[in-house]
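Data block below; observations after.
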Amino acid sequence: MRQGAPTRRTVLTGAAALAAALTAGCTRHGTADDGRAPHGSPAPHGTPAPSAPAPSGRTAAGPVLAVKIDNVAAARPQTGLDAADVVYAEQVEGGLSRLMAVYASTLPEVVGPVRSARESDLELLRQFGRPTLAFSGAQRKLLPLIERAPLRPETPDDAPGAYYRGGGRPAPHNLYLRPARLMTDGAPGRAALPAGFRHGPAPAGGTVTAARTVRYPSARFTFTWSAGRHRWLVSMDGTPARTAAGKRLAPATVVVQYVRVTTSRYHDVLGNHTPYTRTVGSGRAEVLRDGRSFEATWDRPAATDGTAFTGTDGRPVDFADGQVWVVFAAA
């Protein structure tokens, strides 16, 4: 363990003293944010391969695994994104983007690069029950909130054997996770996803759509329909997005969810305030599937509720079978 990095025990014992400071701004978190992995952990050998799919039906689902994924140019191509059931894209400091990958059906051998958590993640993840959140760290004043949240936080301090530093990239863009070392009971199955993630036939109507771009101040996502693959091909900042194995990222469904983006109480080491993406409430959405765009609304009355997507006909909008990307755009 790196000297000076907070352990779960020290965070818990200091939570009461830090709680009063949460409204007084924030301090620099330093390298502990993303520098907690033991540098001596060896990388796994061979080509990563996903595990066998878990049964879609269950009597009592276990927790999903949510992993915060780096998404600056130095972090690409990522590993394990193609195995996620859901990938969330959100705006972070400086107008850049970061991803959260949620795994329910399968667990890939490796996921990464893993980066730090944000305050918005706690609200977003409430709809998944009590998920496991894998992240590299967080600003010190945010850590008590994470510890009190209804989730299982797992950093390199908490589970050093589950993380390793990969070669070929500088820190902090080289921290990787072995999911099976956190999820010892395996993947819980698709039924662990919130009720709003419905899969079924496409709605009637819709607008033929060849491509859709969502822009942040310093990042952009483009989804281009491939009739041959029956998938939306992802590009990030104008470059085709691929996995570390060279596979093109290609979700079956893309949801553009228009949300309120406000300023949180926290900022990065350069003083850029962290955007807070509000995912409780309601608003407009676009659902892209089968080469068409469908106008919809989203509704999530409380943090513990799943997000419901409703079409203009008043019926729930079903997603195509396969991976779903949810891109949060400013309303």
Side-chain angles (χ1 to χ4, degrees), residues 33-35 37 39 41-51 65-103 105-117 134-136 156 162-180 211-216 218-226 228-254 322-328:
D33 188 352
D34 293 289
H39 292 272
S41 299
H45 298 288
T47 302
S51 62
L65 171 66
V67 186
K68 290 306 300 284
I69 305 291
D70 201 351
N71 198 38
V72 297
R76 302 173 191 152
Q78 293 99 339
T79 300
L81 266 183
D82 54 322
D85 291 85
V86 185
V87 177
Y88 289 102
E90 63 180 348
Q91 182 181 330
V92 292
E93 299 85 2
L96 297 170
S97 65
R98 188 158 293 182
L99 307 176
M100 179 188 288
V102 177
Y103 299 88
S105 301
T106 65
L107 295 178
E109 185 176 339
V110 175
V111 176
V114 181
R115 284 299 295 269
S116 55
F135 61 109
S136 63
Y163 292 86
Y164 71 92
R165 289 283 177 186
R169 292 180 182 177
H173 312 295
N174 61 354
L175 179 63
Y176 292 86
L177 170 71
R178 303 176 181 95
R212 178 71 168 87
T213 296
V214 179
R215 299 178 185 274
Y216 295 160
S218 301
R220 72 182 188 273
F221 296 89
T222 298
F223 302 92
T224 303
W225 177 246
S226 169
R229 294 190 57 182
H230 212 70
R231 292 290 186 269
W232 298 93
L233 304 182
V234 182
S235 295
M236 299 179 185
D237 305 330
T239 301
R242 302 181 184 276
T243 67
K247 183 179 179 180
R248 189 75 184 267
L249 293 176
T253 304
V254 177
Q323 187 178 76
V324 177
W325 278 55
V326 180
V327 183
F328 294 121

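Every side chain to side chain contact (heavy atoms under 4.5 Å, CB included) that Ala162 has, sequence neighbours left out, goes to Ala159, Leu177, Arg181, Leu182. For Asp85, there are no salt bridge (Lys or Arg N to Asp or Glu O under 4.0 Å) partners two or more places apart in sequence or in a different chain. Taking Trp325 as the reference, Gln323 meet the side-chain hydrogen bond (donor to acceptor under 3.5 Å, both in side chains) condition, with sequence neighbours excluded. Scanning for side-chain hydrogen bond (donor to acceptor under 3.5 Å, both in side chains) contacts around Glu90 gives Lys68, with sequence neighbours left out. Every residue meeting the ring pair (Phe, Tyr, Trp, His ring centres under 6.0 Å) condition with Tyr176, not counting sequence neighbours, appears here in chain and number order: Tyr164. Residues satisfying the side-chain hydrogen bond (donor to acceptor under 3.5 Å, both in side chains) criterion with Thr213, sequence neighbours excluded, are Thr222. Annotation: salt bridge (Lys or Arg N to Asp or Glu O under 4.0 Å) contacts of Arg212 (sequence neighbours excluded): Glu286. A search for side chain to side chain contact (heavy atoms under 4.5 Å, CB included) contacts involving Gln78 returns Ile69, Asn71, Arg76, Leu81, Leu99, Pro113, not counting sequence neighbours. Taking the side chain to side chain contact (heavy atoms under 4.5 Å, CB included) definition, one finds that Ala74 meets it with Val72, His173, sequence neighbours left out.
Atoms OG1 and CZ, from Thr239 and Arg220 in turn, are 8.0 Å apart once rounded to the nearest 0.5 Å.
A ring-ring contact (aromatic ring centres under 6.0 Å, His included) with Trp232 holds for exactly one of Phe223, Phe221, Trp225; it is Trp225.
Considering only heavy atoms from C-beta on, Pro251 comes within 4.5 Å of Val234 through its side chain. The side-chain heavy atoms of Tyr103 and Pro108, taken from C-beta on, include a pair separated by under 4.5 Å.
Legend: salt bridge (Lys or Arg N to Asp or Glu O under 4.0 Å) pairs involving residues 239-252, not counting sequence neighbours, sorted by first then second residue: Asp82-Lys247.
Panel note: side chain Ser218, backbone Gly94; a donor-acceptor pair is recorded below 3.5 Å. Here the side chain of Arg231 pairs no donor or acceptor atom with the backbone of Ser226 at under 3.5 angstrom.
Shown here for Ala244 and Thr79, the closest heavy-atom pair between the two residues is CB-OG1, 3.3 Å. Taking every heavy atom of both residues into account, Arg169 and Pro77 meet most closely at NH2-O, 2.7 Å. Between Ser136 and Val114 the shortest heavy-atom distance is N-CG1, 3.7 Å.
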